[in-house]
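This report concerns only the one structure given below.
Indexing begins at 1, ligand by ligand and atom by atom, following the structure's order.
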Amino acid sequence: MSYQSDDLQRLGIGMTSQRTRERLIQRLRDEGIGNEQVLEVMCSTPRHLFVDEALAHRAYEDTALPIGSNQTISQPYIVGRMTELLLADGPLDKVLEIGTGCGYQTAVLAQLVERVFSVERIQGLQERAKERLAELGIRNVLYRWSDGWEGWKTLAPYDGIIVTAAAKEIPQALLEQLAVGGRLVIPVGEDDEQKLLLIIREKNGFVHQVLNDVRFVPLLAGTLA
Ligand code: SAH
């Protein structure tokens, strides 16, 4: 059977094309994401492989999408914003990520820093993320199935920590596991009252900056098989 190109458009084929991806990247640039290295990595990372096939045609819209287990893949603008905030002071060696989810943010980060340590409380989600990243040839990530409220103490300190679920308050363990000079990017607050915070550890304490209004799923306690 052969299709005309407008048939293919109607079937949704082409919705994951390079042109579609570039349109998204231009939109992120227009909305203020200024780190071209971050944008380049996002342009070449196939977001459609991180969502269910039935949603693949929406993968290059600037929107969060469901990934199962009541969780979502973060909106591309937020992924870009959080990543550029983390990298704003120069290249990073060790980065701790809380909330592997489908692994999209993990994949973007892994291409921009030396090593990523990714913690997720839902085992099934993390297993699938691990497989996807292996298929994409991304090997500088270590995974741990555990409660991110505790961080990942044995491998601390970290030059950067990124949390992709909203915490009611800043987890003390994460502050303790941040290196001096390190940067923590975290959404804090409840339901529709969340702010993105950037916290920098200095020699004598922590400096906070309040940034975007955001909407994330909650950072929950405990683990789930
Ligand atoms: N960056 C992910 C975002 C997933 S949504 C992506 O783009 O796919 C947030 C994720 O945080 C969910 O997978 C959720 O299970 C996880 N999460 C929530 N509370 C957690 C906790 N205490 N420890 C680790 N992961 C947690």
Charged N to carboxylate O under 4.0 angstrom, Glu120 versus Arg144? no
Please determine whether salt bridge (charged side-chain N to carboxylate O under 4.0 Å, His left out) holds for the pair Arg19 and Glu22, giving the CA-CA distance in whole Å, both sets of side-chain angles, and the decisive distance to 0.1 Å. CA-CA 5 Å; Arg19 197 155 50 94; Glu22 278 161 15; over 6 Å; no
At a 4.0 Å threshold, what atoms of ligand 1 neighbour a non-hydrogen atom of Ile73? 6 (C), 7 (O), 8 (O)
Single hit among Val217, Ile67, Val79, Thr63 for side chain to side chain contact (heavy atoms under 4.5 Å, CB included) with Ser74: Val79
Residues Lys153, Glu150: salt bridge by 4.0 Å N-O rule: no
Closest to atom 3 (C) of ligand 1 (heavy atoms only, candidates Thr223, Leu219, Thr164) is Thr164
Test your reading of the structure: does Tyr104 have an N or O sitting under 3.5 Å from an N or O of ligand 1? no
Considering only heavy atoms, does Ile122 approach ligand 1 within less than 4.0 Å through its side chain, its backbone, both, or neither? side chain
Ligand 1 contacted by Ala129 (non-hydrogen, < 4.0 Å): no
Going by the atom numbers of ligand 1, which of them fall below 4.0 Å from some non-hydrogen atom of Leu125? 13 (O)
Options Gly148, Gly99, Pro218, ranked by nearest heavy atom to atom 18 (C) of ligand 1, top entry: Pro218
Mind checking whether Arg121 has an N or O less than 3.5 Å away from an N or O of ligand 1? yes
For the pair Arg58 and Glu61, evaluate salt bridge (charged side-chain N to carboxylate O under 4.0 Å, His left out) and give the outcome as yes or no after the intermediate values. CA-CA 6 Å; Arg58 301 193 55 199; Glu61 292 176 17; 3.1 Å; yes
Contact check, Ala221 vs ligand 1, heavy-atom distance below 4.0 Å: no
Does ligand 1 have a heavy atom under 4.0 Å from the side chain of Thr100, from its backbone, from both, or from neither? backbone
Testing the basics here: between Val41 and Val108, what is the closest heavy-atom pair and its distance to 0.1 Å? CG1-O, 3.7 Å
Candidate with minimal heavy-atom separation from atom 4 (C) of ligand 1, of Ile67, Thr72, Val163: Thr72
Using a 4.0 Å heavy-atom cut-off, which part of Val217 comes near ligand 1: side chain, backbone, both, or neither? side chain
For ligand 1, which atoms have a heavy atom of Gly101 less than 4.0 angstrom away? 4 (C), 8 (O), 13 (O)
If you measure from each non-hydrogen atom of Gln71 to ligand 1, which part falls under 4.0 Å: side chain, backbone, both or neither? side chain
Between Glu127 and Lys130, is the closest basic N to carboxylate O distance under 4.0 Å? yes
Proximal atoms of ligand 1 relative to Gln105 (non-hydrogen, under 4.0 Å): 1 (N)
Any side-chain heavy-atom pair of Val163 and Leu174 under 4.5 Å: yes
Any side-chain donor-acceptor pair under 3.5 Å between Glu97 and Ser118? yes
If you measure only the distance, is there a donor-acceptor pair under 3.5 Å linking the side chains of Thr100 and Gln105? no
